[in-house]
A.B. asks: 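One structure, pasted below without further comment.
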There are 2 protein chains.
Amino acid sequence: MDDLNQIGANAKRAAFQLANLDTTTKNSVLNQFSEALIQNIDTIVAANQVDLQNATDLPEKFVDRLTLNSDRIHDMAEGLRQVASLADPIGNVETGFTNSAGLMIEQRRVPIGVIAMIFEARPNVSVDASALTFKSGNAVILRGGKEAINSNTTLVEILQAVLRENNLDEHAIQILHDTSHETATALMHLNEFVDVLIPRGGAGLIKTVVQNSTVPVIETGAGNCHVYVDKTADAKMATDITVNAKVQRPSVCNSAEKLLINADVAEELLPEIASALIANGVELRGDERSRQIVKNIIPATDEDWSTEYNDLIMAVKVVDSLDEAINHINKYSTGHSEAIITNDYAHAKKFQQLIDSACVYVNASTRFTDGFEFGFGAEIGISTQKLHARGPMGLNEITTTKYVISGNGQIRQ
Amino acid sequence: MDDLNQIGANAKRAAFQLANLDTTTKNSVLNQFSEALIQNIDTIVAANQVDLQNATDLPEKFVDRLTLNSDRIHDMAEGLRQVASLADPIGNVETGFTNSAGLMIEQRRVPIGVIAMIFEARPNVSVDASALTFKSGNAVILRGGKEAINSNTTLVEILQAVLRENNLDEHAIQILHDTSHETATALMHLNEFVDVLIPRGGAGLIKTVVQNSTVPVIETGAGNCHVYVDKTADAKMATDITVNAKVQRPSVCNSAEKLLINADVAEELLPEIASALIANGVELRGDERSRQIVKNIIPATDEDWSTEYNDLIMAVKVVDSLDEAINHINKYSTGHSEAIITNDYAHAKKFQQLIDSACVYVNASTRFTDGFEFGFGAEIGISTQKLHARGPMGLNEITTTKYVISGNGQIRQ
């Protein structure tokens, strides 16, 4: 078993060094990370092959996520260069003012310290997360799925070698070699050393972490996203956005899982939207009213309304009003991304005001909830909680602030 | 036992109403809260008398915190009017931009939703917390100490009556009537309804909440604060700031608990600082070197370095360098507030850069870490964690944001 106290202490010491590293050095190291991946493609592929050979019992989709090949390694290398090119938030002064006692008070952006990440089968998360935490001056402790342990270990060793070559503390990036649940649980209780824990994976993983961790957690990713087609929706726009939100990449968290449609336009619009979805391979499940309009919608159960399929499945419900749509969404949504298709100004405003989700769209696909699409660059996850960060989390969202106060002898009266 | 699911569901429904309340209405209600307290002074004092009669076994300091009299009720009423006069952060647009797809993306400030507070004997916390959560559009569930249950219940009933008179949901402000540990623990697991839990009280309470809560917690208040007297410190300033930081209000979290002093000036400055502290009734504990300089310093134990006394006690340590001071502080501090007294520019900068605490002072008393002193107005606590908020938490820190995105048919390519 890994010695978590030692790993934690090492991470904390490395974090202190990282917090005070200049941007030029950080960018240079990130570019060297990138080069090192390319130079070590054969080594990485070989390690990945071991994982793939062990993955005989796993479903095809899972094996695909696990696979690393030359193209994917080049993508990771490109990701590292992109993170190098992002602006460094560390040292930014967020606010600065002088208080009534004459103290100059600055709120300065600083790293969080030590970030732990628990994730599943995608080995690219090791590299992506390391890049973002390194650039933002944080040490990272990675705990990937057991299926990817050889790939992850090899990737981290390559990055650590670059750190050593630059006379930097290699413990800035660490990976747990023991992928047992016991070690993961111990990591969730490492409050002395770990400042925040970010789980990345399915709903089960995230729930386990939230229920067990005493380290503060940022919840990411669960996306039971809705598209609501309002009475005044443009027909083509409604179809295009619903299809895009559902099928453009159904496995990800910002894809739509539910279609709500206003009763006044359901008879006219639903057949067209449904046939476009079906033509794209989507299985439709629906309430009684939607099934009266479109015959090949199968019955939805109560459970469907709160399920994130991450697959070519969509549940459909006919609603009588904007209010009913809003109430349904606020009840069943995971608070990720929701869209209304409307030409009614008041309805657009009301939807944006009353929906309690991280991203609320008018006349656009939910698929835009993404760090790159927002222009933030690579993201470490999409927060669906309300504390600290909400929505796509880029570099800024894995930092904190401290107040730096300069006086000339002030005492409190 | 309180029906926590019912209380949670009621809070969530009230939060939805509150989130959409205009500022003028909120301010009017806050001012009515203030008037209602004054009109009900006799009722409040009578309820408080019951608590005080039950408090026969409690220490004097505790009884003082528990006591409500006309003056203190007028102070609470004034606090309510002050919160009414603060700027309302809800609806502020934090950032706004157009992305490459032509989507207009606004990050809008919104309430968090339902905030739970677990606190100890001070009944004024009921009113202060209700004011801040109400103004920021959040519903609150209060769980005060059993010693103050009659006072707290009466205060909350007075506020709820005002809510009803204004046709607002009285569940915007709720208090648990059952003060058992079981109910407190159940509140810590009410993830379905509670968005954040803020404990206010001693280190024991905060530790219990952090270790048990699955609801996200903001840690507040623990303050093992340090003053470091550097080689070039002005003698008078060093004495004045150390005495102020220690004795001006020793029971609060921003008072200093530790004095570090550079060896080069310890013989010259420590006797003067120590005698000023002793003259103010401070008990000094110290390391061997400090005791060689000042005779009436008693020996400090290892435990002293991490203890928050909240009392007229201070531990003293002689250090050889700025680095030793920084390392000691980063090792033992709770990350609240630390000060250096120096005239060395590079040392001032280095201290502010390397100390990992919410507030880092040069030549000023740690006692300034306070919402009012910072100019934020009333605070709901001082965060010593790094997520979400760090330092004094005013209205802004008990809100979150959501992205509101306006398109004209954009789909993702």
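Note on naming: letters A, B, ... go to the chains in the order of the sequence lines (proteins, then strands), and numbering restarts at 1 for each one.
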A.B. asks: Please examine the side chains of R390(B) and V110(A), heavy atoms only from C-beta on, and report whether any two atoms are closer than 4.5 Å.
C.D. replies: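 In short, these two side chains touch, coming nearer than 4.5 Å.
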A.B. asks: Which atoms form the tightest heavy-atom contact between S365(B) and I411(A), and what is the distance?
C.D. replies: CB-CA, 4.0 Å
A.B. asks: For S357(B), is it the side chain, the backbone, both or neither that has a heavy atom under 4.5 Å from a heavy atom of chain A?
C.D. replies: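 Contact with chain A involves the backbone of S357(B) alone.
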A.B. asks: For L387(B) and I112(A): C-alpha separation, side-chain torsions, deciding distance, then whether side-chain contact (heavy atoms from CB on, under 4.5 Å) applies.
C.D. replies: CA-CA 8 Å; L387(B) 281 195; I112(A) 290 178; 4.0 Å; yes
A.B. asks: Does any part of the side chain of F368(A), heavy atoms only, come nearer than 4.5 Å to the side chain of I105(B), both counted from C-beta?
C.D. replies: no
A.B. asks: Measuring heavy-atom distances to chain A, does R108(B) have an atom under 4.5 Å in its side chain, in its backbone, in both, or in neither?
C.D. replies: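 Contact with chain A is through the side chain of R108(B) alone.
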A.B. asks: Students often mix this up, so state it plainly: with edges at 30° and 60°, are the rings of F374(B) and F97(A) parallel, tilted or perpendicular?
C.D. replies: perpendicular
A.B. asks: Top residue by heavy-atom pair count (under 4.5 Å) with chain B, among N363(A), V215(A), N330(A), D195(A)?
C.D. replies: N363(A)
A.B. asks: CG/N408(A) to CE/M237(B) distance, rounded to the nearest 0.5 angstrom?
C.D. replies: 6.5 Å
A.B. asks: Treating N99(A) as the side-chain partner and E373(B) as the backbone partner, does any N or O pair qualify as donor plus acceptor under 3.5 Å?
C.D. replies: yes
A.B. asks: Contact part of A101(A) toward chain B, heavy-atom cut-off under 4.5 Å: side chain, backbone, both or neither?
C.D. replies: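 Interface part for A101(A): side chain.
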A.B. asks: Side chain from CB out, backbone as N, CA, C, O: work out which of these in F376(B) comes under 4.5 Å of a heavy atom of chain A, or both, or neither.
C.D. replies: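 Contact with chain A involves the side chain of F376(B) alone.
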A.B. asks: Where the side chain of K402(B) meets the backbone of Q352(A), is there a donor-acceptor pair that is under 3.5 Å apart?
C.D. replies: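 Yes: the side chain of K402(B) pairs with the backbone of Q352(A).
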A.B. asks: If you define the side chain from C-beta out and look only at heavy atoms, does anything of H388(A) sit under 4.5 Å from I218(B)?
C.D. replies: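 The answer is no; the side chains never approach within 4.5 Å.
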A.B. asks: For salt bridge (charged side-chain N to carboxylate O under 4.0 Å, His left out), just list the numbers for D370(A) and R412(B), CA-CA rounded to whole Å, side-chain angles, deciding distance to a tenth of an Å, and then say yes or no.
C.D. replies: CA-CA 11 Å; D370(A) 177 284; R412(B) 186 154 165 196; 3.7 Å; yes
A.B. asks: Could you report the tightest heavy-atom contact between A364(B) and G407(A), atom names first, then the distance?
C.D. replies: CB-CA, 4.5 Å
A.B. asks: Is C359(B) close to I405(A) at the side-chain level, that is, under 4.5 Å between some pair of heavy atoms?
C.D. replies: yes
A.B. asks: With chain A, which of D240(B), L354(B), V217(B) has the greatest number of heavy-atom pairs at distances under 4.5 Å?
C.D. replies: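 Maximum pair count with chain A is reached by L354(B).
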A.B. asks: Most heavy-atom pairs under 4.5 angstrom with chain A, which of T366(B), N191(B), V210(B)?
C.D. replies: V210(B)
A.B. asks: Non-hydrogen atoms of chain A under 4.5 Å away: do they reach the side chain of A19(B), the backbone, both or neither?
C.D. replies: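 Only the backbone of A19(B) comes within 4.5 Å of chain A.
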A.B. asks: Does Q17(B), at its CD atom, have more than 12 non-hydrogen atoms belonging to other residues, nucleotides or ligands within less than 6.0 Å?
C.D. replies: yes
A.B. asks: Indicate whether the side chain of N20(A) and that of Q353(B) have a donor and an acceptor atom separated by less than 3.5 Å.
C.D. replies: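 Judged by distance alone, the side chains do pair up.
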A.B. asks: Can you tell which part of D234(B) gets under 4.5 Å to a heavy atom of chain A, answering side chain, backbone, both or neither?
C.D. replies: neither
A.B. asks: Would you mind telling me which of K12(A), Q413(A), Q385(A), M104(A) has the largest number of heavy-atom pairs within less than 4.5 Å of chain B?
C.D. replies: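 Ranked by heavy-atom pairs under 4.5 Å with chain B, first place is Q413(A).
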A.B. asks: Highest number of heavy-atom pairs under 4.5 Å with chain B: which of T214(A), N244(A), V243(A), T400(A)?
C.D. replies: N244(A)
A.B. asks: Just wondering, do T369(A) and Y403(B) contact through their side chains at under 4.5 Å, heavy atoms?
C.D. replies: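 When only atoms from C-beta onward are counted, T369(A) and Y403(B) do not touch, as no gap falls below 4.5 Å.
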